[in-house]
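Beneath this line is the structure, given in structure tokens, with notes to follow.
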Amino acid sequence: MEKAKIYLGCDHGGYVLKTQLVDFLTGQGYAVEDFGCHSEDIVRYPHYAARVAKAVRSQPGARGILLCSTGIGMSIIANKYRGIRAALCSTSYQARMTASHNNSNVLCLGGRCIGIFEAQDMLHAWLTTPYEGGRHDISLGLIESAENVNFSGKDWEGEENDKNSPGLV
Ligand code: RB5
């Protein structure tokens with residue numbers, strides 16, 4: 001699997017873990033670009049999510065990693081950008097599954113929730129697990145439909161009955 005270009009962003013709560021992950025990824029041979037912040041001084045996380053989301057979207061195959069104290073705020077703002085599938089994960093199982101099922105292009109982590117060793121395992125799982133495609137394309141297509149409708153100022157309604165997978169959960 002070709003190594004993706006990785007854009008990173010954080011706020012003060014994610015700063016320490018982000019610096020450790022930059023070192024880890026660089027050591028693994030990934031090309032990384034760090035969009036800040038660059039200290040533990042208090043900043044507002046949406047600014048950094050915006051930089052990463054736009055960079056990921058502008059380059060096919062690129063990935064983003066966003067960290068705040070919990071990862072929650074970063075995931076909320078990142079998912080407001082068209083084409084961004086941001087996954088908030090706290091285990092390597094989730095990181096592997098979101099790569100194979102959601103084809104997520106941004107990983108959100110809680111800098112005050114997980115340690116460096118778990119984070120390293122999560123990054124390894126997320127960056128090396130291929131997207132499975134197949135039936136997952138149906139759901140990703142629906143998410144894209146929702147995005148198109150919602151970005152036009154309306155609300156995507158979904159469908160009352162799921163015709164694609166009757167009887168399946
Ligand atoms: C900042 O105090 C904190 O709210 C932020 O790091 C993040 O966890 C928000 O979701």
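As the structure lists them, so they are numbered: ligands from 1, and atoms in each ligand from 1. The residues of the chain are indexed from 1 along the displayed sequence.
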May I ask you to test the Leu142-Trp156 pair for a side-chain heavy-atom distance under 4.5 Å?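 Yes, side chains in contact.
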
Any side-chain heavy-atom pair from Leu17 and Ile116 closer than 4.5 angstrom? yes

Identity and separation of the nearest protein heavy atom to atom 9 (C) of ligand 1: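 Ranking protein heavy atoms by distance from atom 9 (C) of ligand 1, first comes Tyr45 CE2, 3.5 Å.
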
Give the residue and atom name of whichever protein heavy atom lies nearest to atom 7 (C) of ligand 1, and the separation in Å to one decimal. Cys68 SG, 3.3 Å

Is [X] close to ligand 1, meaning an N/O of one under 3.5 Å from an N/O of the other?
| X | answer |
| --- | --- |
| Asp11 | yes |
| Gly73 | yes |
| Ser69 | yes |

Can you see whether Asp34 engages Tyr48 through a side-chain donor-acceptor pair at a distance of less than 3.5 angstrom? no

Are side-chain N/O atoms of Gln94 and Thr98 paired as donor and acceptor at under 3.5 Å? no

Taking 4.0 Å as the limit for heavy-atom contacts, which would you say applies to His12 with ligand 1: side chain only, backbone only, both, or neither?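 Only the side chain of His12 comes within reach of ligand 1.
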
As an exercise, state the distance from CG of Leu88 to CE of Met74, rounded to the nearest 0.5 Å. 12.0 Å

